[in-house]
K.L.:
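Take a look at the following structure, please.
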Amino acid sequence: MSYAEEREQNIARNRAILADLGINPLRPKCEPRENLRKKVAAKKRKSPLPESDELEPPKKASRIADDSNEQGGTRRSSRLAGKTVDYKQEQDRGVPEPMTFKRSQKLKVGQVKSKRTYDPHMYGHIPDVEVGTWWATREDCSNASVHGPWVSGIAPGPNGAYSIALSGGYDDDVDDGYAFTFTGSGGRDLKGTKTAPKNLRTAPQSSDQSFEDRNNAALQRSVDTQKPVRVIRGFKGKARSKYAPSEGYRYDGLYLVKKAWIEKGLNKGSFLVCKFAFVRMPEQEAIPVNDGGDDESDE
DNA sequence: TCCAGAGCTGGT
DNA sequence: ACCAGCTCTGGA
């Protein structure tokens, strides 16, 4: 069977799984309401120029309150300007944990205080971070406490994963916005060979994934505990998902992991992968759609 | 476009 | 101390 055929098959199967879980009232609430895409200053990630203190977030992205004085109820994004939301009523946001630093306590020269206000090791929303908040890099997102790891897609916790990052790294994952499938971690050789050692952060699949992997195990626990998982979508997903932001990373709110299973992955060698089905929790902002308009119209 | 090498988090 | 991780940047 060709790669394309196999991919179609996997996607169809994943879609069926999502549809199976789709017997929920969430869908209408999470349907995209409008096409919000605006032209973005292209390719401006992490400019080396210290000048650009206002590194421009695309469209209606609401920036995290880097300057405190944000009062808890008022939407800041232009799209939602003026609206007020009773956050207390929205979701169990967990207990806000003021940062207590361990290793990240090591401050750089010239750095006055830690970059995080809250500990990312909590379930639910991070206080004061609105759904839809956008960051240029994973580092920024990490500093906002929404998803701690800079590289890893999964932030594991004792009662399930705290957060995950959707970066479109797997060809057969399906993203319907209100629900999606997600592939676990592991099964990659990041070191290269003895003779040709590498120092990679990602690499092609070269062995089976399993639930032994602590990240995958955490997501499996999420199925049992039904703890909310924070989800961020990254620009790399735009090749296959219209819900991915055109640039940077965006907080898309809380999801539940409804199912965990293992299947033959869509990779060279047909190594096994861990798969997870996510469904969005109700009462949240609609996820904006990326019409894929300008930049590199792949596909 | 590819490749190498790096910083950082978070767990063991 | 060591290692894994859906990153990022710079240079060929």
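Chain letters run A, B, ... following the sequence lines, proteins first and then strands; every chain starts at 1.
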K.L.:
Would you mind classifying the nucleic acid contact of Tyr249(A) as base, sugar-phosphate or nothing, using non-hydrogen atoms under 4.0 angstrom?
P.N.:
sugar-phosphate

K.L.:
Less than 3.5 Å between a donor and an acceptor, one on the side chain of Asn199(A) and one on the base of dA6(B), is that the case here?
P.N.:
yes

K.L.:
Which listed nucleotide (dC8(C), dC6(C), dT12(B)) is nearest to the side chain of Arg214(A)?
P.N.:
dT12(B)

K.L.:
Going by the angle between their ring planes, with limits at 30° and 60°, are His125(A) and Tyr251(A) parallel, tilted or perpendicular?
P.N.:
perpendicular

K.L.:
Phosphate oxygens OP1/OP2 of dC6(C): is one of them under 4.0 Å from a side-chain N or O of Arg240(A)?
P.N.:
no

K.L.:
Roughly how far, to the nearest 0.5 Å, is the CZ atom of Arg230(A) from the CG atom of Leu254(A)?
P.N.:
8.0 Å

K.L.:
With sugar-phosphate meaning primed atoms plus P, OP1 and OP2, does Gly234(A) contact a base, only sugar-phosphate, or nothing at under 4.0 Å between heavy atoms?
P.N.:
nothing

K.L.:
Go nucleotide by nucleotide along DNA chain B from the 5' end; which of Trp150(A) and Pro156(A) gets its closest nucleotide reached first?
P.N.:
Trp150(A)

K.L.:
Are Tyr255(A) and Phe180(A) close enough that their ring centres sit under 6.0 Å apart?
P.N.:
yes

K.L.:
Can you tell me which nucleotide in dT7(C), dT9(B), dG11(B) comes closest to the side chain of Ser167(A)?
P.N.:
dT7(C)

K.L.:
Would you please test Arg13(A) and Asn10(A) for side chain to side chain donor-acceptor pair (under 3.5 Å) and show each step?
P.N.:
CA-CA 5 Å; Arg13(A) 194 173 54 234; Asn10(A) 283 15; 3.2 Å; yes

K.L.:
Whether the Asp213(A) and Ser210(A) side chains hold a donor-acceptor pair (N or O, under 3.5 Å, no angle test) is what I'd like checked.
P.N.:
no

K.L.:
Are Lys198(A) and dA4(B) close enough that a side-chain N or O sits under 4.0 Å from OP1 or OP2?
P.N.:
yes

K.L.:
Expressed in whole Å, how much space separates the C1' atoms belonging to dC6(C) and dT12(B)?
P.N.:
22 Å

K.L.:
Where each pair must be Watson-Crick or G-U wobble with both distances under 3.5 Å, what dot-bracket representation of DNA chain B is obtained, with crossing pairs in [ ] and other-strand partners as |?
P.N.:
||||||.|||||

K.L.:
Using the salt bridge (Lys or Arg N to Asp or Glu O under 4.0 Å) rule, pick out the option among Lys236(A), Lys275(A), Arg15(A), Arg233(A) that qualifies with Asp173(A).
P.N.:
Lys275(A)

K.L.:
Closest-nucleotide mapping onto DNA chain B: is Gly148(A) or Arg201(A) further toward the 5' terminus? I mean the 5' end.
P.N.:
Arg201(A)

K.L.:
Please work out if Gly169(A) contacts a base, only the sugar-phosphate, or nothing of the nucleic acid, heavy-atom cut-off 4.0 Å.
P.N.:
base

K.L.:
Compare side-chain N and O positions of His121(A) against OP1 and OP2 of dG11(B) and report whether any pair is under 4.0 Å apart.
P.N.:
yes

K.L.:
If only side-chain N and O atoms count, and only distance matters, is there a donor-acceptor pair under 3.5 Å linking Arg214(A) with Ser185(A)?
P.N.:
no

